[in-house]
2 protein chains.
Amino acid sequence: MNVMNASPRRKELTRLAAQLFVQAGFDRTTVRMLAQEMGIKSGSLFHHFRDKQEILAAVIEEGTENALVIARKALARCDSSASARLHAMARAHLETLLTDRNAHVVALYEWRRLDPEARAHLSHLRDAYEALWEQVIDEALAEGLVHGDRFLVSRFVMGALNWTVRWYDPDGPRTPDELADELVAMITRSASVG
Amino acid sequence: MNVMNASPRRKELTRLAAQLFVQAGFDRTTVRMLAQEMGIKSGSLFHHFRDKQEILAAVIEEGTENALVIARKALARCDSSASARLHAMARAHLETLLTDRNAHVVALYEWRRLDPEARAHLSHLRDAYEALWEQVIDEALAEGLVHGDRFLVSRFVMGALNWTVRWYDPDGPRTPDELADELVAMITRSASVG
DNA sequence: GGGTCAACCAAGCAAGCGCTAGTGCAAATG
DNA sequence: CATTTGCACTAGCGCTTGCTTGGTTGACCC
């Protein structure tokens, strides 16, 4: 068995697994389906992953890590105004959500199927990501760009953004960036009112 | 077999099923688990429901119907200003979401497990509910209470509200009504800016 | 050119799954 | 009274599931 390394083969298999998990759901995706999609036999799967659970964990882990990387890059790239940083985070969030869509849909909908150990490990990753958001929201509150409770605002914003995976059509008229800007506009027009 | 009637017994079973579906997920909830929780044997289950799918459909149907009823009542009760109606919808949404929580969590997370026929039927119910929202948002746009695209605003708002099932703690300091008012405040402070 | 090792395969086990068939029985119905 | 109906039972069929086992292949290494 191949322990927990990150071979290129494993990455490819993880990507394929994410796709199937989205199409059929984790529980209804059988190891035989996974193997067939990967062009191997079901037994061979367990050379790459300890068990089916580990495949799920791998999918979610990679998606969340990508989200973290992209958000940090976006923040490093923009200037330090609260407005710019808020826009950057919203755009980065939708960028990962919609390009790495499969992995994130799995993370959103199959989280409860993780066993306790995997959930604990991945919780830390997710918390690190959410901490970025709360930090940016804090800055926006301090500049008077938005109003309200820091906890509530960040929850509402993330809810609105994550919900997009249920209705957004990449072939439609709107780009993810436009979406992000619209949301930020919706909650920041209040700025000059106080 | 008991066709599709709505006996009180069946309602009670549906409520219990919703609870189990939330705890374990639809696919991992076996008919034996359902039967045990209901105090009968697994075979007897199929006297009340045609198959397992029908139990899922019943759970979601009842939750959505309740949501519709409560939202309509709330709109009928409040005065006709866009602000009042917006608050009423948000409060009604959180009221159903958090009191009928099990059914709505199932609707949100297990929707894809419905077979095509059930999905088609329930889609109409859900569309009727969302139409209420879009109507109220339209009125708010017309009064200049909120700004932006009607489609986007309603999606963002419903996303923010539905996301609450993931983090809201009924034993915490905030009431659902406070939550609803905070969200409405977040998107309407922009009113006097234009 | 023997040894190593990741990658794969064929075959199948034990457990659990949704669901059916056939029956018992008390209350409602004529 | 006889019959129907509603609800529950027991027993188990037929199938799928995640995973294991034991072995083969071919590329690379000293």
Side-chain angles (χ1 to χ4, degrees), chain A residues 1-60 106 110 112-119, chain B residues 1-60 106 110 112-119:
Chain A
M1 190 180 308
N2 217 355
V3 214
M4 292 258 285
N5 69 355
S7 70
R9 182 78 174 124
R10 191 176 143 126
K11 278 223 165 176
E12 171 67 7
L13 298 183
T14 302
R15 213 182 48 80
L16 286 169
Q19 189 184 334
L20 280 185
F21 288 165
V22 168
Q23 282 169 21
F26 175 70
D27 288 324
R28 294 195 179 178
T29 303
T30 68
V31 294
R32 287 165 179 81
M33 290 164 65
L34 286 165
Q36 185 172 27
E37 193 73 10
M38 297 163 177
I40 58 179
K41 298 296 173 180
S42 72
S44 312
L45 241 179
F46 298 90
H47 176 73
H48 302 278
F49 302 92
R50 195 190 333 268
D51 52 25
K52 198 188 166 192
Q53 274 280 331
E54 197 180 276
I55 308 179
L56 177 60
V59 167
I60 296 181
V106 171
E110 312 286 356
R112 323 255 327 243
R113 275 77 196 172
L114 288 168
D115 56 29
E117 309 101 70
R119 202 180 306 187
Chain B
M1 188 181 311
N2 216 356
V3 213
M4 289 257 286
N5 70 355
S7 68
R9 181 81 172 123
R10 191 176 143 125
K11 277 223 166 178
E12 170 67 7
L13 298 183
T14 302
R15 214 182 49 80
L16 285 169
Q19 188 184 336
L20 280 184
F21 288 165
V22 169
Q23 282 169 19
F26 175 71
D27 288 324
R28 294 195 179 178
T29 303
T30 69
V31 293
R32 288 165 179 81
M33 291 165 65
L34 287 165
Q36 185 172 26
E37 192 72 12
M38 296 165 178
I40 57 179
K41 300 295 174 179
S42 73
S44 312
L45 241 179
F46 296 91
H47 176 74
H48 302 277
F49 302 93
R50 195 188 334 270
D51 52 25
K52 198 187 165 192
Q53 276 279 333
E54 198 181 274
I55 307 179
L56 177 60
V59 167
I60 297 181
V106 171
E110 311 286 356
R112 324 259 322 247
R113 274 78 198 173
L114 288 168
D115 56 29
E117 310 101 69
R119 204 180 304 187

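Every value quoted in this text rests on a predicted model; they were computed, and no experiment measured them. So you know, we letter chains A, B, ... as the sequences are listed, proteins then strands, and number each from 1.
Listed nucleotides: dC19(D), dG18(C), dA8(D). Nearest to the side chain of Val31(A): dC19(D).
Residue contacts shown for Arg32(A) include a base, since a base heavy atom lies under 4.0 Å away.
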Show which side-chain atoms of residues 30-45 of chain A pair as donor or acceptor with protein atoms under 3.5 Å away, not counting sequence neighbours.
| from | atom 1 | to | atom 2 | distance (Å) |
| --- | --- | --- | --- | --- |
| Thr30(A) | OG1 | Arg32(A) | N | 3.4 |
| Thr30(A) | OG1 | Met33(A) | N | 3.0 |
| Ser44(A) | OG | Lys41(A) | O | 3.4 |

Which pairs would a plain distance check flag for residues 12-21 of chain A, meaning a side-chain donor or acceptor within less than 3.5 Å of a matching protein atom at least two apart in sequence or in another chain?
| from | atom 1 | to | atom 2 | distance (Å) |
| --- | --- | --- | --- | --- |
| Glu12(A) | OE2 | Arg15(A) | NH2 | 3.4 |
| Thr14(A) | OG1 | Arg10(A) | O | 2.7 |

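Using a 4.0 Å cut-off on heavy atoms, the residues of residues 33-45 of chain B that approach DNA chain C are Ser42(B), Gly43(B), listed by number. Near DNA chain C, defined here as any heavy-atom distance below 4.0 Å, the residues from residues 12-30 of chain B are Thr29(B), Thr30(B), listed numerically.
As a whole-Å value, the separation of Asp51(A) CG from dT20(D) P is 8 Å. Atom CD in Gln53(B) sits about 12 Å away from atom C1' in dG18(C), given to the nearest Å.
For the pair Arg9(B) and dA8(D), the criterion of a side-chain N or O lying under 4.0 Å from OP1 or OP2 is met. Between His47(A) and dC9(C), a side-chain N or O to OP1/OP2 separation shorter than 4.0 Å is absent.
Taking the side chain to side chain contact (heavy atoms under 4.5 Å, CB included) definition, one finds that Arg112(B) meets it with Val22(A), sequence neighbours left out. By the salt bridge (Lys or Arg N to Asp or Glu O under 4.0 Å) test, Arg28(B) pairs with Asp27(A), sequence neighbours left out.
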